[in-house]
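Everything on this sheet refers to the single structure shown next.
Please read these numbers as outputs of a predicted model, since none were measured by experiment. Every chain is numbered from 1, with letters handed out A, B, ... down the list of sequences. Side chains included, hydrogens not; waters and symmetry mates left out as well; all remaining heavy atoms used.
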Amino acid sequence: MKIEKNYNAKDTEKKIFSLWKKTGYFNPDNLPKNHKENFCIIMPPANANDPMHIGHAVGATLQDIMIRYNRMNGKKTLWLPGSDHAGFETQVVYEKKLEKQGRSRFQMTREQFYKEVWDYTQKNRKTVKKQLESMGISADWSRDTFTLDPHVIKTTYQTFKKMADEGLIYRGSRLVNFCTKHKTAFSDLEIEKLEKTDPLYYMKYGPITLATVRPETQFGDTAIAVHPEDKRYKKYIGKKLKFNTILGEKELMIIADKFVEPEFGTGAVKITPAHDFNDFEMWERHKKEMPEPIKTIDEDGKMTNVAGPYKGMKIDEARAKIVQEMLNKGFIDKIDSNYTHSVSVCYKCKKTIEPLIKSQWFIKTKPIAKPAIDALKNGEVEIIPKSYSKVYFHWLKNIRDWNISRQNWWGIAIPAWQCLDCGHWTITTGSTPKKCEKCDSKNIQRDPDVFDTWFSSGQWPFAVFKKKDFKTFYPTSVMETGYDILFFWVIRMMMLSLYVTKKPPFKKIYLHGLVRDKDRQKMSKSKGNVIDPMEITEKYGTDALRLALIIGNMPGKDVVISEEKIKGYRNFVNKIWNVFRFILINTEDYKPGKIILTKEDKQILKNFEKKSLSITKKIDNFKFSQAAEEIYHYTWHEFADKIIEKSKPVLEDKKTRKSRQYVLIEVMKGITILLHPFAPFVTEKIYQNLPIKKKSSLMIESWPK
RNA sequence: GAGUCCAUAGCUCAGGGGUAGAGCGUUCGGUUCACAUCCGAAAGGUCGAUGGUUCAAAUCCAUCUGGACUCACCA
């Protein structure tokens, strides 16, 4: 074989990957019979709305390391890939595309839109699959699953029905976070808080003055609240107060609630249950004393007809006009223009979230949160790094009910039909009911909403499996994902999996960090600092990229990647290549057979054994960065710099030549094994060309014990 | 407002009760050698501050400072 001076990653990788594919070992069913104990990782399904980015590459590499390591340890190893329809996310991406073409989903039928997005996601899935393969990942694509595959949807429906039957899901007209641009409600997780400075208006409601940033919601006021002990207002509590407003005379009940802070503003608050979360809760506490909430703002972010002359105006416009009118009429006492507070905004478009009362499906989360707390507490599940356990507990202990209705088109349609005669909701596991299950009326209508994507992806660890695999591989071994979706996804998987299967979906949760550039900036297209993994593999090779992504990457911490770093590991890969080349050139006459090892050679092997034990221990403890670093250091600065340098005269001597040849080959082989999970391509290539007894692939070579 | 994490060499980070570590970078010297995607050598840190525990603290504890992040119902 002719070996080039410099390692050619591009050519090698193609050939090696097709060799792997030919072995079929990505599929656990094809592994040799001695692979018994199961090991399974479910790949977090990549959003099917965009090609792969560097973040995917980090996760994929970490998972591939665990997969390859466990496969080499004789486990029946499954890495199950998938892709996510990513409901709202994808809808937003696709709507942007439509916008560029001068189109809009509102000019299309729902079916048309769905079909177009479907085709778009299927195309993306293929691209991402190809890209992941070029990262050298050893996932079993024969089990590739889409979050909209029939068996996944079926499971989602079964869970929804089960939860509804067991009283864990309710239909409620409650205040929800609503984005007037995207025209959908969100859960508490999908909103962001932004610090804003807004004028704080001191409005005169007859004898009481109160402070508000939203004077335009005054038409929806249904009470005024004060602290029960506030001397200034005690005399009004429980009484109705009549006063003038810009729309004429109005009457409000003065209620007492400890929520009101006497020190803030004037110590009196206007209560607008239809447009403020606190006020809504206040109404829930004081239902007897207060009328029904009054809707002042609609789904388009415009004033409703209770706003009289302001009806149809956008909020900002109405506010300005209302303030002007109040000033004219002397209803404003003063304006504090330096008031800063945090405002909820849509995490996508950053527009202010309007709290609106909407009829939606909610999950009672407290009962399903408890088992998730217990599972971590009693050690059934472990989070790496441990520090995230605290965050996990804190979030679950303060969890609120989860709104799972989304007013989107792209997603899993909710299997609920409302009777137009009696109002009853009939829930099925997917099939369309013929009539209302309560009053037998045929006059029923399907809920137009879809599920929050996280409701179905929260079921992914069990929904993804077909029956036989579920039995074999559930619960899975490790969930490896970014810390940024701990609440969105990981905790939901814990809750829903425990609820449905009674078992935690995985034993370990490994959280990796975000990828940042050399100035510690988040990578984003708009900043122009993204590193495209595909460009990098093309230029420096996949192994170099993988090493750069892993070394210096600690669980739960962000990882800094730069082209220089990748270049450094490209050099390392080339170094190994040349170590191999040296050995090959110097073992052309080598014939296996009886060998008497020199004392020195025995020592080299012994030292290497120690090294490999230490590296194994690090991998077992999920210290991938340190493990890789240790192999790097041994290979370069011990094996190449010292052992090989000293071998030159040893190889010259007939008496010691064969012993040293044997040792060099053995250690080289050992290095390819230890390094294979991290840099699979170059190690396989070397393994295939070493003068040793070998298996069909390094993938199933046994890990040193 | 609450919580979590972090602070060690120019940079990115390991380590962790008992002579301060790696990679990259820098400086100097080296190509007939497997590799210039290389080799050899060197410089560079009172381990954020203060106090405490200890025979001994960069390491454990407390407080502080600075930074990152997360959660949160002050109109």
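- Nucleotides B:rC6 and B:rA20 are separated by 24 Å at their P atoms, to the nearest Å.
- The side chain of A:Asn574 approaches B:rU37 more closely than any other nucleotide in the set B:rU37, B:rA34, B:rU12.
- The residues A:Lys10 and A:Glu538 are annotated as salt-bridged, a charged nitrogen and a carboxylate oxygen being separated by less than 4.0 angstrom.
- For A:Lys623 and B:rC13, the NZ to C1' distance is 14 Å, given to the nearest whole Å.
- Each ring-ring contact (aromatic ring centres under 6.0 Å, His included) pair with one or both residues in residues 542-570 of chain A, not counting sequence neighbours, appears once here: A:Tyr569-A:Tyr632.
- A salt bridge is absent between A:Glu600 and A:Lys646: the closest approach of a Lys/Arg side-chain nitrogen to an acidic carboxylate oxygen does not fall below 4.0 angstrom.
- B:rC64 and B:rC28: their P atoms are spaced 48 Å apart (whole Å).
- Screening A:Val260, A:Ile224, A:Ile208 against A:Tyr233 for a side chain to side chain contact (heavy atoms under 4.5 Å, CB included) leaves a single residue, A:Ile208.
- A 6.0 Å sphere centred on NZ of A:Lys617 holds no more than 12 heavy atoms belonging to other residues, nucleotides or ligands.
- Rounded to whole angstrom, the span from the NZ atom of A:Lys648 across to the P atom of B:rU32 amounts to 12 Å.
- Looking at heavy-atom distances under 4.0 Å, A:Asp641 makes contact with sugar-phosphate atoms alone, never a base.
- Judged as a ring-ring contact (aromatic ring centres under 6.0 Å, His included), the pairs with a partner in residues 265-287 of chain A (not counting sequence neighbours) are, in order, A:Phe280-A:Trp283.
- Atom CD1 in A:Ile576 sits about 12 Å away from atom P in B:rC38, given to the nearest Å.
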query = Based on Watson-Crick and G-U pairs with both distances under 3.5 Å, what dot-bracket line describes RNA chain B 5' to 3', crossing pairs as [ ] and inter-strand pairs as |?
reply = (((((((..((((....[..)))).(((((.......))))).....(((((..]....))))))))))))....
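- Donor-acceptor pairing under 3.5 Å is recorded for the side chains of A:Asp198 and A:His341.
- Atom pair A:Glu638:CD and B:rA22:P shows a separation of 14 Å (rounding to whole Å applied).
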Between protein and nucleic acid, restricted to nucleotides 23-26 of chain B and to nitrogen or oxygen atoms under 3.5 Å apart, what atom pairs and distances do you find?
{"unit_1": "B:rG23", "atom_1": "OP1", "unit_2": "A:His637", "atom_2": "NE2", "d": "3.3"}
{"unit_1": "B:rG23", "atom_1": "O3'", "unit_2": "A:Tyr632", "atom_2": "OH", "d": "3.3"}

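- For A:Lys386 and B:rU4, the shortest distance from a side-chain N or O to OP1 or OP2 is not below 4.0 Å.
- Atom NZ of A:Lys350 has more than 12 neighbouring heavy atoms from other residues, nucleotides or ligands inside a 6.0 Å radius.
- Nucleotides B:rU27 and B:rG18, compared at atom C1', are 34 Å apart to the nearest Å.
- At a threshold of 4.0 Å, the pair A:Asp589-A:Lys658 does not count as salt-bridged, since none of the basic side-chain nitrogens sits closer than that to a carboxylate oxygen.
- Nucleic acid contact class of A:Glu263 (heavy atoms, under 4.0 Å, all strands): none.
- For the P atom pair drawn from B:rC5 and B:rC24, the interatomic distance equals 32 Å after rounding to whole Å.
- Note: A:Trp489 and A:Trp454 have tilted aromatic rings, judged against thresholds of 30 and 60 degrees for the angle between ring planes.
- No side-chain N or O of A:Asn403 forms a donor-acceptor pair with one of A:Ser187 less than 3.5 Å apart.
- Using a 4.0 Å heavy-atom distance criterion, A:Val559 is classed as making no nucleic acid contact.
- Taking a cutoff of 4.0 Å between a charged side-chain nitrogen and a carboxylate oxygen, A:Lys377 and A:Glu382 do not qualify as a salt bridge.
- The residue among A:Val213 and A:Ser625 whose nearest nucleotide of RNA chain B lies closer to the 5′ end is A:Ser625.
- Atom-to-atom, CH2 of A:Trp577 to P of B:rA36 comes out at 15 Å; the value is rounded to the nearest Å.
- For the OP1/OP2 pair of B:rC35 and a distance below 4.0 Å, the side-chain nitrogens and oxygens of A:Lys575 include no atom meeting the criterion.
- In this structure, A:Val579 reaches the bases: a heavy-atom distance under 4.0 Å links it to at least one base atom across the strands shown.
- In this structure, the CZ atom of A:Phe572 is 12 Å from the P atom of B:rC39, given to the nearest Å.
- Using a 4.0 Å cut-off between charged nitrogen and carboxylate oxygen, A:Lys234 and A:Glu229 count as a salt-bridge pair.
- Checking B:rC5, B:rG15, B:rA34 against every side-chain atom of A:Ser387, the shortest atom distance belongs to B:rC5.
- Between the CG atom of A:Leu514 and the C1' atom of B:rC5 there is a distance of 14 Å, given to the nearest Å.
- Here A:Ala640 lies in heavy-atom contact (under 4.0 Å) with a base.
- B:rG44 and B:rU8 are spaced 13 Å apart, taking the C1' atom of each and rounding to whole Å.
- Judged by atom type and distance alone, A:Glu645 reaches the base of B:rA34 through a side-chain donor-acceptor pair under 3.5 Å.
- Only the P atoms considered, B:rC47 is 14 Å distant from B:rG21, to the nearest whole Å.
- A salt bridge between A:Arg516 and A:Asp558 is present, with a side-chain N of the basic residue lying under 4.0 Å from a carboxylate O of the acidic one.
- Annotation: B:rA9 and B:rG51 have their C1' atoms spaced 27 Å apart (nearest Å).
- The distance between atom CD1 of A:Ile583 and atom P of B:rC35, rounded to the nearest whole Å, is 14 Å.
- Shortest non-hydrogen contact noted between A:Ala369 and A:Met495 is CA-SD, 3.9 Å.
- Look at A:Asn571 and you won't find any side-chain N or O under 4.0 angstrom from OP1 or OP2 of B:rC35.
- Map A:Val260 and A:Ile585 each onto its nearest nucleotide of RNA chain B; the residue landing nearer the 5' end is A:Ile585.
- Around atom OH of A:Tyr662, no more than 12 heavy atoms belonging to other residues, nucleotides or ligands sit under 6.0 Å away.
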Could you list, one pair per line, each protein nitrogen or oxygen that sits under 3.5 Å from a nitrogen or oxygen of nucleotides 70-74 of chain B, together with the distance?
{"unit_1": "B:rC73", "atom_1": "OP1", "unit_2": "A:Arg400", "atom_2": "NH2", "d": "2.8"}
{"unit_1": "B:rC73", "atom_1": "O4'", "unit_2": "A:Asn278", "atom_2": "OD1", "d": "3.0"}
{"unit_1": "B:rC73", "atom_1": "O2'", "unit_2": "A:Asn278", "atom_2": "OD1", "d": "2.6"}
{"unit_1": "B:rC73", "atom_1": "O2'", "unit_2": "A:Asn278", "atom_2": "ND2", "d": "2.3"}
{"unit_1": "B:rC73", "atom_1": "N1", "unit_2": "A:Asn278", "atom_2": "OD1", "d": "3.4"}
{"unit_1": "B:rC73", "atom_1": "O2", "unit_2": "A:Asn278", "atom_2": "OD1", "d": "3.4"}
{"unit_1": "B:rC74", "atom_1": "O2", "unit_2": "A:Glu261", "atom_2": "OE2", "d": "3.4"}

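- A heavy-atom distance below 4.0 Å to RNA chain B is reached by these residues of residues 549-557 of chain A, ordered by number: A:Met554, A:Lys557.
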